[in-house]
Protein chains: 2
Amino acid sequence: MTVSSPRPAPRLTPVPPQPVRRRDAERTRAELLEVATQVFADSGYTGARVDHIAERTATTKRMIYYYFGSKEKLYLAVLEKAYRGIRDAEHEVQVSDLPPAVALRRIAERTYDHHLDHSDFIRLVSIENIHRGEHITRLESLRGINSDAVGLLDTILARGRAEGTVRDGVTALDVHLVISAYCFFQVANRYTFGFLFDRDLLDPALRDHHRALIGDVVVAWLSTGGATPSA
Amino acid sequence: MTVSSPRPAPRLTPVPPQPVRRRDAERTRAELLEVATQVFADSGYTGARVDHIAERTATTKRMIYYYFGSKEKLYLAVLEKAYRGIRDAEHEVQVSDLPPAVALRRIAERTYDHHLDHSDFIRLVSIENIHRGEHITRLESLRGINSDAVGLLDTILARGRAEGTVRDGVTALDVHLVISAYCFFQVANRYTFGFLFDRDLLDPALRDHHRALIGDVVVAWLSTGGATPSA
DNA sequence: GGGCGAACGTACCGATTGGTACATTGCGAG
DNA sequence: CTCGCAATGTACCAATCGGTACGTTCGCCC
């Protein structure tokens, strides 16, 4: 991660070529937020140290209080940005024209990859649940931020039911729950599971297997036996 | 929890009626461990305060260090006891003579209830994973403590495969993973999920639905085309 | 019955932690 | 240019936290 150029990289050259490190409120705030995200995800809310966050930035602790006011408000900002970021990262799969079973499998597999690629976010969610959601409940604007994902599932399920290829009696939220639980667990419980069963859930060699697995589960679960629409 | 008798409770009465609060190493240690379990599960490792644990017992902080040596060793003792306790609480289901599909459904449903009934344990596991399992990996004796559960699954799967009622290519650990993930998520992510989707996963009114759901998933997933017995 | 060690309580400590008072500097407006 | 405020840095504080020095008491054993 460190820049290891052969040159000694003289730090205090007479004239800075670009206005590096000039005053820039936006950049300072953004840097604090990014570093804070890493530290909070790394150590939890209580475990994270304000001094530690400041040390990892080019600015000082004073700026945390200047821009965010308190450790808790900083954490709230981190949480909100993380949730919004994760929504933006979910570029929706183009599944509208696929057969429901294929679409469902693809959604499950995408969700799996999405979770594995955002383990910091998963950790923040775990941390927030340890704290009984006392912070996130204050971010009212985040409520229903995932409704798109559920809405998409609902569309597919409805189409499948109409076709007779998807079973009745299962809601989109149920499906979302099953998929999310599986994917979340792999990232969140990596360490205890790996220790107890001697299997690293995030071993790259297992990734294809685990991705296919949740697809299999969802398709097998939701598909009606044949093309026979069961009443 | 506090003794609130109407009497002023004179502290130095000549003869205590019963030998209340006599010296008892076993009891003191056990009380510390129990209270520590609650506090750690409640606040996380870093969030838990040694003083706070001591306050909630009939003894003092000094005794924590007398019996356990440090906050971390106390936490290790809590973790070990919790894992052993959860294993003991898993009185195995009598499923050896049931049809595989029925047995699998019953295991899934039992696992669901088991998780919901031990949310403190679930929280400890979450906490330990936030800390990347750095503590549990030092409790080597816990390794494979759940192998019985997987072994049972393996037996049932093997029988089902022999009968032709259970599909090939799925390991017992895969099944355990799917079931555990689903059950774990409901307890561990109760707060964020409840906030985002306005559904309290642990609402008693939903318990039957959620219990049946994981049974359905497992049976549908693992059963070959043949008849899928329902509960 | 008295001695002796396990069990326990009090009172304290040094380090850490979230937070702040206050001085200073860069930069855009006029 | 210079004035004024946003932005930043330094040095510090009061409270908290994990941990401990030291003294006391209970109860078993010979």
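The figures here come from the full heavy-atom set of this structure, side chains too, leaving out hydrogens, waters and symmetry mates. Within every chain, numbering begins at 1; the chains are lettered A, B, ... in the order of the sequence lines, protein sequences first and strands thereafter. The shown structure was predicted, so the numbers you read here are calculated from the model rather than taken from an experiment.
Y112(A) and Y182(A) have tilted rings, their planes meeting at an angle from 30° to 60° on a 0 to 90° scale. Using the six-membered ring where Trp is involved, F121(A) and Y83(A) have ring planes that are perpendicular, over 60° apart on the 30 and 60° scheme. The aromatic rings of Y75(A) and H135(A) sit perpendicular, their planes meeting at an angle over 60°, well past the 30° parallel limit.
Using a 4.0 Å heavy-atom cutoff across all strands shown, F68(B) reaches no nucleic acid atom at all.
Atoms CD1 (I64(B)) and C1' (dA7(C)) sit 15 Å apart, rounded to a whole Å. Rounded to whole Å, atom P of dG19(C) lies 10 Å from atom CG of L74(A). We find that CG of L32(A) is positioned 12 Å from C1' of dT8(D), with the value rounded to whole Å. Rounding to whole angstrom units, CD of residue E55(A) and P of dT16(C) are separated by 12 Å. Atom pair Y67(A):OH and dG9(D):C1' shows a separation of 13 Å (rounding to whole Å applied). In this structure, CZ of R29(B) is placed 16 Å from P of dA6(C), rounded to the nearest angstrom. Atom CE in M63(B) sits about 12 Å away from atom C1' in dT25(D), given to the nearest Å.
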Under 3.5 Å, N/O pairs linking protein and nucleotides 1-4 of chain C:
none

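Scanning both residues, I127(B) and G44(B), for their nearest heavy atoms gives CD1-CA, 3.5 Å. The two residues Q186(A) and L177(B) come nearest to each other via the heavy atoms NE2-CD2, 3.4 Å. A pairwise comparison of heavy atoms in A48(B) and K71(B) identifies O-NZ, 2.8 Å as the closest pair.
Between the D200(A) side chain and the G194(A) main chain, no donor and acceptor come within less than 3.5 Å of each other. Checking side-chain atoms of E31(B) against main-chain N and O of A58(B) turns up a donor-acceptor pair under 3.5 Å.
Counted by atom type alone, S141(B) and R84(B) present one or more donor-acceptor pairs between their side chains at under 3.5 Å.
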Readout for nucleotides 12-24 of chain D: B = base within 4.0 Å of protein heavy atom, S = sugar-phosphate only, - = neither; 5' to 3' it is -----SBBBBB--
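Applying the 4.0 Å criterion to OP1 and OP2 of dG9(C), one finds that Y66(B) has every side-chain N and O outside that range. A close approach under 4.0 Å does not occur between any side-chain nitrogen or oxygen of T60(B) and OP1 or OP2 of dC8(C). For dC8(C), the OP1/OP2 oxygens have a side-chain nitrogen or oxygen of T28(B) closer than 4.0 Å.
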